[in-house]
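Numbers here are sequence positions counted from 1.
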Amino acid sequence: MKAIITDLDRTLLHTDKSVSEHTIAVLKKCRDHGILVMAASARPLRNILIYNDLIGFDAITATNGAVISLHQKLLEIGISYESGEKILSAILRYPDVYLSIETSRGLYSNRDIPVWEPVVWDKFPTLPEDIILYKILASSRQKKLYEGIETTLTDEVYHTIADNDLIQIMSKEATKWNGIRHMLAYFDISPGDAVYFGDDNDDIEPVKNCGLGVAVSNAIPSVLDVADRIIDSNDMDGVARFIEENIL
């Protein structure tokens, strides 16, 4: 294998969001052996940098593929203003909605969410000026939003649901797999020479299309079903253990 690509939350990271010294050491050995190490995550780039400081990723796909960091080069794939405001207007018709947008200028939300530290924005569905709209995030305590989410979308976007709770809406061009394709092409590596580790809905495509697709044991059933191998859970350092035993 020439490249190791991994999801972060619930895959490489422990449930408490930490990364073990063992995992850091194993990934360093990979780089010492000339194997590239890349990340592909739903997290925004700013929330990946702490792990990048520890691991030193060769490339990063962030925000489900809306942002691709290739050394000093940054690729950005956004939702148009017209489409974004139409979707936001439709979502706001549902009661009790937590609504956020991930943008090139940070996170905006209709309510304060302390763990995310957003800018509270009371002008939705109007978007802030001079931004690239990467992703729309929505959740609710009521089922109506989830039952009707398809009716809020435009032809420009698709959606996934993370952790059975958080709706994520992105441009159809902004997928983890497209981000991974950009990363591999940048280094002239075939997908067949890459191994991918994942656990959730947006990991299904890369698990299926990389040379070796690996699911941690805590992955959702649809990822387990398509994986070539199933390994120990994220809290058991499954990714690092697999790399030690099968790649290094």
Side-chain angles (χ1 to χ4, degrees), residues 3-13 17 19 36-81 83-84 87-88 99-109 113 115-119 121 127-138 154 156-163 166-187 189 191 194 196-206 209-210:
I4 289 167
I5 311 167
T6 181
D7 174 48
L8 296 179
D9 294 281
R10 288 174 39 88
T11 300
L12 188 73
L13 306 183
K17 308 303 181 184
V19 57
L36 298 181
V37 178
M38 308 178 191
S41 175
R43 285 176 175 246
L45 187 59
R46 65 180 180 277
N47 288 349
I48 298 175
L49 295 181
I50 183 175
Y51 304 108
N52 189 48
D53 289 342
L54 295 171
I55 295 166
F57 295 114
D58 293 288
I60 298 170
T61 289
T63 322
N64 296 92
V67 178
I68 304 150
S69 177
L70 303 167
H71 290 206
Q72 301 302 314
K73 184 179 180 181
L74 195 68
L75 304 178
E76 299 171 285
I77 303 169
I79 302 168
S80 70
Y81 266 68
S83 186
I87 294 166
L88 292 169
L99 184 62
S100 301
I101 57 169
E102 190 63 57
T103 79
S104 54
R105 290 171 53 189
L107 185 70
Y108 295 77
S109 180
I113 307 172
V115 68
W116 286 3
E117 299 180 346
V119 174
W121 184 256
L127 290 166
E129 296 180 355
D130 300 321
I131 58 136
I132 300 173
L133 175 58
Y134 297 145
K135 177 165 42 170
I136 297 170
L137 302 160
T154 65
E156 181 185 340
V157 303
Y158 75 101
H159 84 286
T160 64
I161 299 178
D163 297 329
L166 184 64
I167 297 168
Q168 305 178 106
I169 300 170
M170 290 78 59
S171 163
K172 286 182 177 177
E173 298 302 314
T175 67
K176 273 194 180 181
W177 176 236
N178 278 343
I180 289 164
R181 289 170 61 197
H182 278 291
M183 294 193 298
L184 292 173
Y186 181 82
F187 292 103
I189 295 174
Y196 184 83
F197 298 91
D199 77 289
D200 211 341
N201 284 307
D202 54 7
D203 297 312
I204 292 173
E205 199 171 12
N209 289 318
C210 283

For the student: nearest non-hydrogen atoms of T61 and I48, plus distance: O-CD1, 4.4 Å

What closest approach, in Å, do M38 and F187 show between heavy atoms, and which atom pair accounts for it? CE-CD1, 3.6 Å

Only distances under 3.5 Å count here; give the side-chain donor-acceptor pairs of residues 65-76 to other protein atoms, sequence neighbours excluded, each with its distance to 0.1 Å.
from	atom 1	to	atom 2	distance (Å)
H71	NE2	D58	O	3.3
E76	OE2	Y134	OH	2.4

Do L184 and I5 have side chains that approach each other closer than 4.5 Å (heavy atoms only, starting at C-beta)? yes

How far does CG of L8 sit from CD1 of I60, to the nearest 0.5 angstrom? 8.5 Å

Suppose we screen for ring pair (Phe, Tyr, Trp, His ring centres under 6.0 Å). Which residues come up paired with Y108, at least two apart in sequence or across chains? W121

Would you compute the distance between atom CG of L137 and atom OG of S100 and round it to the nearest 0.5 angstrom? 5.5 Å

Backbone of L133 reached by a side-chain donor or acceptor of Y81 within 3.5 Å: no

Exercise: identify the closest heavy-atom pair between D200 and A162: OD2-CA, 3.9 Å

Hey, are the side chains of L12 and Y51 touching, using non-hydrogen atoms and a 4.5 Å cut-off? no

All heavy atoms of S104 vs all of I132, minimum pair found to be OG-N, 2.8 Å

Considering residues at least two apart in sequence or located in another chain, which fulfil the side chain to side chain contact (heavy atoms under 4.5 Å, CB included) criterion with P118? L107, S109, D112, I113, W116

Not counting sequence neighbours, list each pair that qualifies as a salt bridge (charged side-chain N to carboxylate O under 4.0 Å, His left out) and has a residue in residues 167-184. D7-K176, K176-D202, K176-D203

Partner set under side chain to side chain contact (heavy atoms under 4.5 Å, CB included) for T160, not counting sequence neighbours: Y158, Q168, M170

Residue pairs fulfilling salt bridge (charged side-chain N to carboxylate O under 4.0 Å, His left out) with at least one residue in residues 38-50, sequence neighbours excluded: D9-R43, R46-E102

Over all atoms of both residues, closest heavy-atom pair of N64 and A42: OD1-CB, 3.4 Å

CG-OG distance between L127 and S80, expressed to the nearest 0.5 angstrom: 9.5 Å

Applying ring pair (Phe, Tyr, Trp, His ring centres under 6.0 Å) to Y196 and not counting sequence neighbours gives none

Going by the rule side-chain hydrogen bond (donor to acceptor under 3.5 Å, both in side chains), which residues pair with S83 if we only count those two or more places apart in sequence or in a different chain? T154, E156

Taking C-beta and beyond as the side chain, do V119 and P128 meet within less than 4.5 Å on heavy atoms? no

Closest non-hydrogen atom pair, H159 against I161: CD2-CG1, 4.1 Å

Can you tell if the side chain of C210 reaches within under 4.5 Å of the side chain of W177, non-hydrogen atoms only? yes

